[in-house]
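Since the model is a prediction, treat every value here as computed from it, not as a measurement. In what follows, every heavy atom counts, from backbone to side chain, and hydrogens, waters and symmetry copies are set aside. Residue numbers start from 1 in every chain, and the chains themselves are labelled A, B, ... in the order their sequence lines are given, proteins ahead of strands.
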2 protein chains.
Amino acid sequence: MQHQGSEELRRRALWMADRCLGRRIARLQRLVSRRFEAELRESGLTLAQVEVLSEMAVSGEPVRPSEIAGWLGIERSTISRNLDLLAQLGYVRAAETSATGRTTRVVVTDAGHQALADAQPAWERAQAWISGAVDEDAVDALDRWLTALELAPRPR
Amino acid sequence: MQHQGSEELRRRALWMADRCLGRRIARLQRLVSRRFEAELRESGLTLAQVEVLSEMAVSGEPVRPSEIAGWLGIERSTISRNLDLLAQLGYVRAAETSATGRTTRVVVTDAGHQALADAQPAWERAQAWISGAVDEDAVDALDRWLTALELAPRPR
DNA sequence: CGCTCACTGTTGCAGATACACCACATGGAG
DNA sequence: CTCCATGTGGTGTATCTGCAACAGTGAGCG
C-alpha cells in the first residue's frame, strides 16, 4: 500500500498488460465471436446455439443438460435457458422428463438438424475467414491449450 | 433444404463441432476468464476493468476512449460505460472534455494505479495457473493469432 | 469562410451470461 | 427401508455486452 514512483507504476502496468493472457484471449474471442455472430445472423442462430446444437447432434443420443455444459464450459443455468429457447424454436426436444417436469435428457429434432445444416454456409464463411488468417500450427496450439487447461488442477 | 439421412446429418454436425474455431476459442475464453474473475473478485476489479486500466496506464498519457476500444477489441459503447464506472470508483478521470460534456481524453488517477497494483497478486495467481498449464510455444501461437486477425481483411 | 464527410462519444434497447440459491434426484451407508 | 450427501435442473437477480442510432467534432477542400 506504500506510495510508488509513477515510473515504477507504469512499468508494472506495462508488465501486466503485455503478458496478460486473460486480455489476449478475451481479445481473440471478441474478434472471432463477432465475426461468427455477424455471419450467422442471417441464419437466425447464435454462435452459442450452434455450439449447443452441434454438440448434441454429435452425440446422437439423448444427453443430459449438464453434459453439454461440461463439454462447452458453460454454466448449467445458461444451458438451461438456451435449451428453453431452442425448444421454443422447435430445434430441441425433451427426450426424458422426470415427474416434476425437469428434463433429464434432450435431443435435437429434425428441424434442429435442418437449421444446423442451413447455418452451415454462414458458419463456413466465418471459419474460412479465421483459418485463412492463421497457420495450421496455431490451430494445433489452440487445442493444446484446451487439453492442458482441462487437465489443470482446479484451485480451492 | 432437401431431406438428409440422419447418418449424414450427424457426420456433418461432427465435422462442424470438431473444427469450429468459434467454439474452441469461446470455450478457452470461458475457462480463462472465469479463473481471472474468480481471483480478481477479492480486489473488486473485473477482468475488463483491469484490461482498461492497465492499457491506459501503459500509455501514460491521456488517451481517447476509442483508442482503448481499438486496443482491446471492445465496442466503443462498452468502453464508454466502463469508463463511467471506473470514474465513479475514482480510478480514472477525464483529462479533456469538450464543451458539450463529451470526454475526449482520460487518464488513470493515483487511486487507479493503486487499485491496479493491489489487484496484481490476484492477477498473478490466475496468470500463473494458466501459463503453468501451457507451454511457451502455445503462448507465441496466441500472439500470432492476434496479429494475423488484426491484419485480416474485414469482409463487407 | 462554409460545406462535406468520416469519425467519435453516448444512450436506448435487447439479449446473454454468471452467480447464488432452491427443490428435486440419486445412490450409498446404516 | 430410512437418512444423508452429492449432484442436477431451474429461477431470480445483477451485470455486462453489442448493435443501432444520434448528435457533436474536426480535418480537408472548394
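- Applying the salt bridge (Lys or Arg N to Asp or Glu O under 4.0 Å) test to every pair with at least one member in residues 53-72 of chain A, sequence neighbours left out, gives these pairs: A:Glu55-B:Arg23.
- Side-chain N or O atoms of A:Arg41 include none that pairs as donor or acceptor with a backbone N or O of A:Thr46 at under 3.5 Å.
- Heavy-atom contacts of chain A under 4.0 Å fall on DNA chain D between two terminal nucleotides, which in 5' to 3' order are D:dT8 to D:dC19.
- When heavy atoms are screened at a 4.0 angstrom cut-off, B:Ile79 is found touching no nucleic acid atom at all.
- If you check residues 42-54 of chain A against DNA chain D, you find no residue with a heavy atom closer than 4.0 Å.
- Legend: salt bridge (Lys or Arg N to Asp or Glu O under 4.0 Å) pairs involving residues 82-103 of chain A, not counting sequence neighbours, sorted by first then second residue: A:Glu96-A:Arg105.
- Under a 3.5 Å cut-off, the side chain of A:Thr104 and the backbone N or O of A:Ser98 do not form any donor-acceptor pair.
- The backbone N or O of B:Trp71 sits less than 3.5 Å from a side-chain atom of A:Arg27, completing a donor-acceptor pair.
- Near DNA chain C, meaning a heavy atom under 4.0 Å from it, residues 61-69 of chain B has B:Arg64, B:Pro65, B:Ser66 in order of number.
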What donor-acceptor contacts under 3.5 angstrom involve side-chain atoms of residues 131-143 of chain A, with partners at least two apart or in another chain?
from: A:Ser131; atom 1: OG; to: A:Gln127; atom 2: O; distance (Å): 2.6
from: A:Asp143; atom 1: OD1; to: B:Arg24; atom 2: NH1; distance (Å): 2.8
from: A:Asp143; atom 1: OD2; to: B:Arg24; atom 2: NH1; distance (Å): 2.8

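- Using a 4.0 Å cutoff on non-hydrogen atoms, the parts of residues 91-108 of chain B near DNA chain D are B:Ser98, B:Thr100, B:Arg102, ordered by number.
- Through chains of ILVMFWY side-chain contacts below 4.5 Å, A:Leu14 is grouped with B:Val58.
- Residue B:Ser80 places at least one side-chain N or O closer than 4.0 Å to OP1 or OP2 of C:dT10.
- Between B:Ser77 and C:dT11 there is no side-chain N or O to OP1 or OP2 distance below 4.0 Å.
- Interface residues of residues 81-89 of chain A facing DNA chain D, ordered by number: A:Arg81; criterion, heavy-atom separation under 4.0 Å.
- Look at CZ on A:Arg41: it is 12 Å from P on C:dA16, rounded to the nearest Å.
- Its side chain outside the 4.5 Å cluster rule for every partner, B:Val107 clusters with none of the Ile, Leu, Val, Met, Phe, Trp and Tyr residues.
- For the OP1/OP2 pair of C:dT17 and a distance below 4.0 Å, the side-chain nitrogens and oxygens of B:Arg30 include no atom meeting the criterion.
- Per the geometry, CD1 belonging to A:Ile74 stands 12 Å off P belonging to C:dC19, to the nearest Å.
- When hydrophobic residues (I, L, V, M, F, W, Y) are linked wherever their side-chain heavy atoms come within less than 4.5 Å, B:Leu85 remains an isolated member.
- In this structure A:Arg125 satisfies the salt bridge (charged side-chain N to carboxylate O under 4.0 Å, His left out) test together with A:Glu39, A:Glu42, sequence neighbours excluded.
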